[in-house]
Amino acid sequence: NIAIPANAEANDQSIGSVAIDTDNIIGSISLMGGKIDNIRLKKFNQELDASSGLVKILSPIGSEKPYYVHNGWVGNQNIEVELPNEKSIWTNLSKNALTASSPVLLEWNNGNGLTFKKKIEVDNNFLFTITQSIENNTTKDYTFYPYSLASRHGLPDDYTDFFVLHEGFIGVLGDEGEIRADYNDIAKESESFENIEGGWLGFTDKNWATVIVPPKNMPYQGRFTSLSNGSIYQVDYLGNGQTVYASNIIEVTSHVFAGAKQVNILDSYEDNYGLIKFDLLVDWGWFYFLTKPLFYLLQWLYGILGNYGLSILGVTIIIKIIFFPLANKAYVSMSSMKKLQPEMLNIREKYKNDRAKQQQAIVEIYKKEKVNPLSGC
């Protein structure tokens, strides 16, 4: 019965923020709640025209369609201490922007002996590492529950709800495996998953995704839900209780992905961070075992030829070469069958009133000429 905080409604653009600037993304972290709420992709434009503006992944409260990620702590219903929430104002102790080489450290003090900190790091692609810590300077022990949520107000601008490509809620949740859900379905009824260990959950769009990754080796509850009569969509998790003893410190580390679904990058996160089946953010269809190798072949040819049209032609030629022995066998069989057509027509005419003799005579011709009528397949 631990509740994750509701969405903040206040405009936090005037509170202040910490800039984010890497090779691939630019944006900011709001000091209200310490939310990652402004991410744009430096290398992707909204349209082919370079003047169309950068692709936006996350947007702050107060914008047209707020979309952000928030990490924090909650206590049970009997807790008597104040905890930071989405409206709490954090202090940037680092006094610098967040870059791939410079993490930031945010702090919030409840004034009664508990100090909360968030160390936020980012790589040169799209993965954030968030280390949350609690310093207990009291004489009491406390148990708190770490959580993370991704909150999306409204649907993506280019959302089509087309069955060929999944857009919406997605996750790989421990033994539950891959879970998908459409926005409309979650607007009608939330889905929750209990006692999960490992995996990730988030939103996937055509080319972009936002994912929250629970702390490693920590059981958690995952949820796909909708708020405000279906106008706000949210994925969240709630980790197991963590006890911070008197005069001690605890910390938990989680991750956030917000960026482009580039397969080589997704695969590297699976290998380096243990994000199981992270490449399933890409909708490979039913024939995953074929489509992904073909994709890598296309990419390899593109690196050589520099053109996807030529790459597609190249893949076609390679497939033709691989299957040439089978195709050649089929062509030989078809040619042999064509040569036998006059004799078969004579047999059908000769035994037109006796189907049994007709079939027997045709089989004898096949045996004599050593032709298999099925090999053309």
Side-chain angles (χ1 to χ4, degrees), residues 4-13 25-28 30 33 35-41 44-49 52-71 86 126 128 147-173 178-193 200-213 222-237 256-262 266 278 280-285:
I4 293 177
N7 295 272
E9 296 297 337
N11 185 338
D12 56 359
Q13 291 176 300
I25 63 175
I26 188 171
S28 61
S30 174
K35 298 186 290 290
I36 302 173
D37 68 350
N38 182 11
I39 298 293
R40 287 168 289 157
L41 305 184
F44 296 93
N45 294 99
Q46 295 179 29
E47 299 177 10
L48 291 177
D49 185 355
S52 61
L54 301 179
V55 167
K56 294 180 182 178
I57 302 296
L58 302 179
S59 300
I61 291 173
S63 62
E64 182 180 357
K65 289 184 176 181
Y67 185 13
Y68 58 87
V69 175
H70 181 250
N71 293 65
E86 289 196 328
F126 312 113
F128 294 82
Y147 74 86
S148 181
L149 63 85
S151 179
R152 174 171 230 161
H153 297 222
L155 296 172
D157 292 335
D158 60 351
Y159 178 65
T160 55
D161 192 20
F162 190 41
F163 74 94
V164 171
L165 177 69
H166 174 66
E167 295 181 73
F169 295 82
I170 191 170
V172 172
L173 304 172
E178 183 188 15
I179 304 293
R180 295 182 179 187
D182 295 330
Y183 291 107
N184 292 337
D185 293 337
I186 297 302
K188 296 173 185 175
E189 184 177 2
S190 298
E191 293 187 22
S192 58
F193 313 92
W200 48 270
L201 59 165
F203 295 106
T204 182
D205 299 343
K206 286 184 177 69
N207 301 300
W208 334 110
T210 302
V211 171
I212 53 177
V213 183
R223 188 173 62 159
F224 298 163
T225 190
S226 177
L227 309 169
S228 299
N229 297 319
S231 63
I232 298 176
Y233 304 93
Q234 182 170 302
V235 295
D236 55 53
Y237 68 76
V256 171
F257 173 91
K261 298 193 296 188
Q262 294 179 275
L266 300 181
F278 204 50
L280 291 183
L281 280 174
V282 175
D283 192 344
W284 299 100

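Values reported hereafter were calculated over all heavy atoms of this structure, with side chains retained and with hydrogens, waters and symmetry mates removed.
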Checklist line | Arg152 to Tyr233 six-membered ring, cation-pi geometry met (6.0 Å, 45°) | finding: no
Checklist line | Reported CD1-to-CG distance for the pair Ile186 and Leu227, which is rounded to 0.5 angstrom | finding: 11.5 Å
Check: So, Lys65 and Asp157, do they make that salt bridge, N to O below 4.0 Å?
Finding: yes
Margin query: With a 4.5 Å cut-off on side-chain heavy atoms, are Ile179 and Val172 touching?
Written below: no
Checklist line | Asn71/Val256 under side-chain contact (heavy atoms from CB on, under 4.5 Å): CA gap, chis, key distance, verdict | finding: CA-CA 10 Å; Asn71 293 65; Val256 171; 4.2 Å; yes
Margin query: What verdict does the ring pair (Phe, Tyr, Trp, His ring centres under 6.0 Å) test give for Phe44 and Trp208, after you've listed the backbone C-alpha separation in whole Å, the side-chain angles of each residue and the deciding distance to 0.1 Å?
Written below: CA-CA 11 Å; Phe44 296 93; Trp208 334 110; 5.3 Å; yes
Check: Are Glu86 and Lys35 ion-paired here, with the side-chain N under 4.0 Å from a carboxylate O?
Finding: no
Notebook entry, point to check: Does the side-chain contact (heavy atoms from CB on, under 4.5 Å) test come out yes or no for Asp37 and Ile61, once each step is laid out?
Noted result: CA-CA 8 Å; Asp37 68 350; Ile61 291 173; over 6 Å; no
Checklist line | Residue pair Val69 / Ser148: nearest heavy atoms and the distance that separates them | finding: CG1-OG, 4.0 Å
Note to self: Between Tyr147 and His70, do the side chains contain a donor N or O and an acceptor N or O under 3.5 Å apart?
What the structure shows: yes
Margin query: Checking the side chain of Lys206 only, and the main-chain atoms of Glu167 only, is there a donor and an acceptor separated by less than 3.5 Å?
Written below: no
Check: Going through the distances and angles, do Ile25 and Phe128 end up as a side-chain contact (heavy atoms from CB on, under 4.5 Å)?
Finding: CA-CA 11 Å; Ile25 63 175; Phe128 294 82; 3.6 Å; yes
Next item on the list: Considering non-hydrogen atoms only, spot the tightest contact between Asn45 and Ser52 and give its length.
Entry: CB-OG, 3.6 Å
Check: Taking atom OG of Ser28 and atom CZ of Arg40, what is their separation to the nearest 0.5 Å?
Finding: 8.0 Å
Notebook entry, point to check: What pair of heavy atoms forms the shortest contact from Ile170 to Leu281, and how long is it?
Noted result: CG2-CD2, 3.9 Å
Note to self: Quick check for you: to the nearest 0.5 Å, what is the distance between Leu54 atom CG and Ile39 atom CD1?
What the structure shows: 12.0 Å
Margin query: Are Phe169 and Tyr183, when compared by the centres of their aromatic rings, separated by less than 6.0 Å?
Written below: yes
Note to self: Taking the ring of Phe257 and the ring of Trp200, is the distance between their centroids below 6.0 Å?
What the structure shows: no
Next item on the list: Give a yes or no on whether Asn229 atom CG has more than 12 heavy-atom contacts from other residues, nucleotides or ligands under 6.0 Å away.
Entry: no
Next item on the list: Determine the minimum heavy-atom distance between Ser226 and Gly230, stating which atoms define it.
Entry: OG-CA, 3.1 Å
Notebook entry, point to check: Can you name the closest pair of heavy atoms from His166 and Thr204 and give their distance?
Noted result: CD2-CG2, 3.7 Å
Check: Just checking, is any N or O donor in the side chain of Ser151 or Tyr67 under 3.5 Å from an acceptor N or O on the other one?
Finding: no
Item checked: Contacts of Asp283 that satisfy salt bridge (charged side-chain N to carboxylate O under 4.0 Å, His left out) - sequence neighbours left out -> Arg180
Item checked: Rounded distance (nearest 0.5 Å) linking atom OG1 of Thr160 with atom CG of Leu165 -> 7.0 Å
Note to self: For a quick test of reading the model, state the closest non-hydrogen atom pair linking Leu58 to Ala258 and the distance between them.
What the structure shows: CD1-CB, 4.3 Å
Notebook entry, point to check: When rounded to the nearest 0.5 angstrom, what is the spacing between CG in Leu201 and OG1 in Thr210?
Noted result: 11.5 Å
Check: Ring centroid separation for Phe224 and Phe193, is it under 6.0 angstrom?
Finding: yes
Next item on the list: Kindly compute the distance separating CG (Asn38) from OG (Ser30), expressed to the nearest 0.5 Å.
Entry: 10.0 Å
Next item on the list: Please examine the side chains of Leu149 and Val235, heavy atoms only from C-beta on, and report whether any two atoms are closer than 4.5 Å.
Entry: no
